[in-house]
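What follows is a short report on a single structure.
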Protein chains: 2
Amino acid sequence: MSERKDVQPSGVPVPCLTCDARSGGVCGTLDAEQLASLAKASSKKRLESGAELIGDAQTVEAYSNILSGVVKLTKGLPDGREQIVGLQFAPDFLGRPFQDESAITAHAATNVVLCSFPKRTLEMLIKQSPRLEHFLLNQTLRELDEARDWMLTLGRKNALEKVASYLLLIARYIDPAVDPDSQSIAFDLPMSRLEIADFLGLTIETVSRQLTKLRIDGVIAVSQNRHIVVANPERLRMRSGC
Amino acid sequence: MSERKDVQPSGVPVPCLTCDARSGGVCGTLDAEQLASLAKASSKKRLESGAELIGDAQTVEAYSNILSGVVKLTKGLPDGREQIVGLQFAPDFLGRPFQDESAITAHAATNVVLCSFPKRTLEMLIKQSPRLEHFLLNQTLRELDEARDWMLTLGRKNALEKVASYLLLIARYIDPAVDPDSQSIAFDLPMSRLEIADFLGLTIETVSRQLTKLRIDGVIAVSQNRHIVVANPERLRMRSGC
DNA sequence: CCGGAATCTTGATTTCGATCAAACTGCCGG
DNA sequence: CCGGCAGTTTGATCGAAATCAAGATTCCGG
């Protein structure tokens with residue numbers, strides 16, 4: 001789904017004018033001229049939940065900004081066991097710079113809107129723009145911090161603590177200031193029970209049982225499977241092991 | 001342990017002339033002048049196995065190059081459970097740029113030699129040198145790839161597969177071309193059983209039992225606890241789950 | 001609004017790794 | 001060379017999560 005790439009008097013391409021990724025994403029680091037050249041080569045894509053964005057060991061020829069939705073990154077074992085190794089939200093940059101083959105798989109966990117551009121175009125811009133590279137370094141460092149936090153959860157927490165940690169993770173994405181104020185918070189899970197299990201290194205059944213336990217203990221309320229209300233986030237945090 | 005910072009005719013500081021980190025590490029990205037200013041502020045440090053390099057939630061005022069030895073990065077839960085979230089080898093750069101408080105702890109896993117320099121000095125150089133920032137982005141991307149590989153191991157492999165994967169990881173560090181050629185390989189483990197357990201999300205006893213199993217099956221030979229001989233790396237790889 | 005498929009929950013049982021407990025080994029100082 | 005101790009191995013038992021097996025909901029298309 002391609003869009004017109006007209007350039008406004010200010011020099012900012014028209015489709016970028018109202019784009020959220022321009023403030024928080026890579027595009028925010030570019031000057032008008034660079035943004036124009038990127039916009040010329042870019043296109044907006046809408047993907048249904050479940051669609052594959054990047055295949056394992058597949059040559060990647062595009063990078064993207066996530067404009068909305070949740071993308072899950074997974075790795076698998078030859079016998080079919082799967083582990084989700086990262087979640088990305090808008091306005092994250094999606095793709096592994098400086099490497100032709102992807103070692104991971106990316107899927108849309110919800111409906112997703114992307115702004116995609118060719119690998120080559122971005123790599124040219126990286127060479128010209130230290131600010132862009134600085135932005136990428138910062139996002140990568142943040143992802144590394146998150147991955148290491150999650151390693152602690154995977155390696156050392158029990159099933160209940162894992163599920164509580166997952167709910168907190170999602171709650172904090174919805175509202176970053178979630179536990180200090182201890183307000184009640186409600187949200188829809190962006191993932192199925194199977195996906196949650198693959199994220200936590202558990203089985204579907206164990207995830208379900210821990211959710212039931214939290215429900216019985218009055219820590220959360222669940223309706224229609226995906227909708228969660230956390231009455232008291234502090235009680236949830238206490239059960240998360242940290 | 002400070003050294004003389006004399007500058008050679010070529011412009012390269014004397015102590016850097018013979019330093020391995022100058023080819024593979026951050027210093028390789030600097031010109032003679034930048035290297036001189038970094039060398040002026042740097043000092044070589046020797047640390048005993050077990051020494052703490054960076055404390056959790058402690059203000060970090062130094063970055064380092066690892067000149068030799070193995071550094072382990074750990075995260076802990078309030079109740080004392082621990083998880084190793086990364087291993088770093090020479091000539092890795094050690095430290096979390098652009099953040100004052102460390103969220104992780106770093107310890108010397110073996111005797112370690114570092115070349116340390118003040119945070120400020122390096123951050124100044126980063127601003128001047130896109131090549132340096134590019135190097136850091138590349139190392140960070142590599143660490144992120146490793147962390148995600150390890151998440152799959154932590155979340156989805158059983159105890160035997162985890163121990164086999166760990167042995168392969170160390171063997172590959174000793175000799176990167178380890179399984180294609182399937183030559184026998186021998187090495188000393190840089191970590192105790194407790195550290196291996198904390199790396200794998202297991203207990204000491206389970207690690208020991210899996211090593212015994214691999215020994216009985218003839219996949220490895222163990223002498224004096226730390227010395228390992230892998231007769232046939234391919235058989236080890238087959239037990240690693242991938 | 002109905003029926004069927006997909007997803008989720010609950011229950012029974014098994015299994016793997018944790019825990020508890022005791023012996024063994026290698027290392028170091030005296 | 002001996003004794004002590006930290007680190008490791010081995011054994012017995014327990015428990016948490018996986019697996020196997022039905023049911024119950026939710027979702028959707030007709």
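Chain A is the first sequence line, chain B the second, and so forth, proteins listed ahead of strands; every chain is numbered from 1.
- Side-chain N/O atoms of A:Thr203 include one lying less than 4.0 angstrom from OP1 or OP2 on D:dA18.
- The closest side-chain heavy-atom distance from A:Asp100 to A:Lys119 is below 4.5 Å.
- One can place CG of B:Leu202 at 11 Å from P of C:dT19, the figure rounded to the nearest angstrom.
- A:Thr212 comes within 4.0 angstrom of sugar-phosphate atoms only, judged by non-hydrogen atoms across all strands, and of no base.
- For the atom pair CG of B:Leu154 and CG of B:Leu200, the computed distance is 7.5 Å after rounding to the nearest 0.5 Å.
- One atom, CD1 of B:Ile204, and another, P of C:dA22, lie 18 Å apart when rounded to the nearest Å.
- Taking every side-chain heavy atom of B:Thr206 into account, C:dG17 is the closest of D:dT9, C:dG17, D:dA17.
- In the set C:dT10, D:dT8, C:dC8, the nucleotide with an atom closest to the side chain of A:Arg193 is C:dC8.
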Close N or O pairs between protein and nucleotides 20-27 of chain D (under 3.5 Å):
| unit_1 | atom_1 | unit_2 | atom_2 | d |
| --- | --- | --- | --- | --- |
| D:dC20 | N4 | A:Glu205 | OE2 | 3.1 |

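- Using a cut-off of 4.0 Å between Lys/Arg side-chain N and Asp/Glu carboxylate O, B:Arg235 and B:Asp217 are scored as not salt-bridged.
- Note: CG (A:Asp79) to P (D:dT19) measures 11 Å, nearest angstrom.
- Whole-Å rounding puts the B:Leu200 CG to C:dG17 P distance at 12 Å.
- Under the 4.0 Å criterion applied to side-chain N and carboxylate O atoms, B:Glu161 and A:Arg81 are assigned as salt-bridge partners.
- Distance, A:Leu194 CG to D:dT19 P: 13 Å, rounded to whole Å.
- Nucleic acid contact class of B:Ser192 (heavy atoms, under 4.0 Å, all strands): sugar-phosphate only.
- Note on A:Asp145 versus B:Arg96: salt bridge recorded, some NZ/NE/NH1/NH2 to OD/OE distance being below 4.0 Å.
- The interatomic distance linking B:Arg215 (CZ) with D:dT10 (C1') rounds to 11 Å, in whole Å.
- In this structure, the NZ atom of B:Lys157 is 14 Å from the P atom of C:dG17, given to the nearest Å.
- Across the protein-nucleic acid pair, B:Leu160 atom CG and C:dA18 atom C1' stand 17 Å apart, rounded to whole Å.
- Between A:Leu189 and A:Leu167, some side-chain heavy-atom pair lies under the 4.5 Å cut-off.
- Classified by interplanar angle (parallel below 30°, tilted 30° to 60°, perpendicular above 60°), the ring pair B:Phe199/B:Tyr166 is perpendicular.
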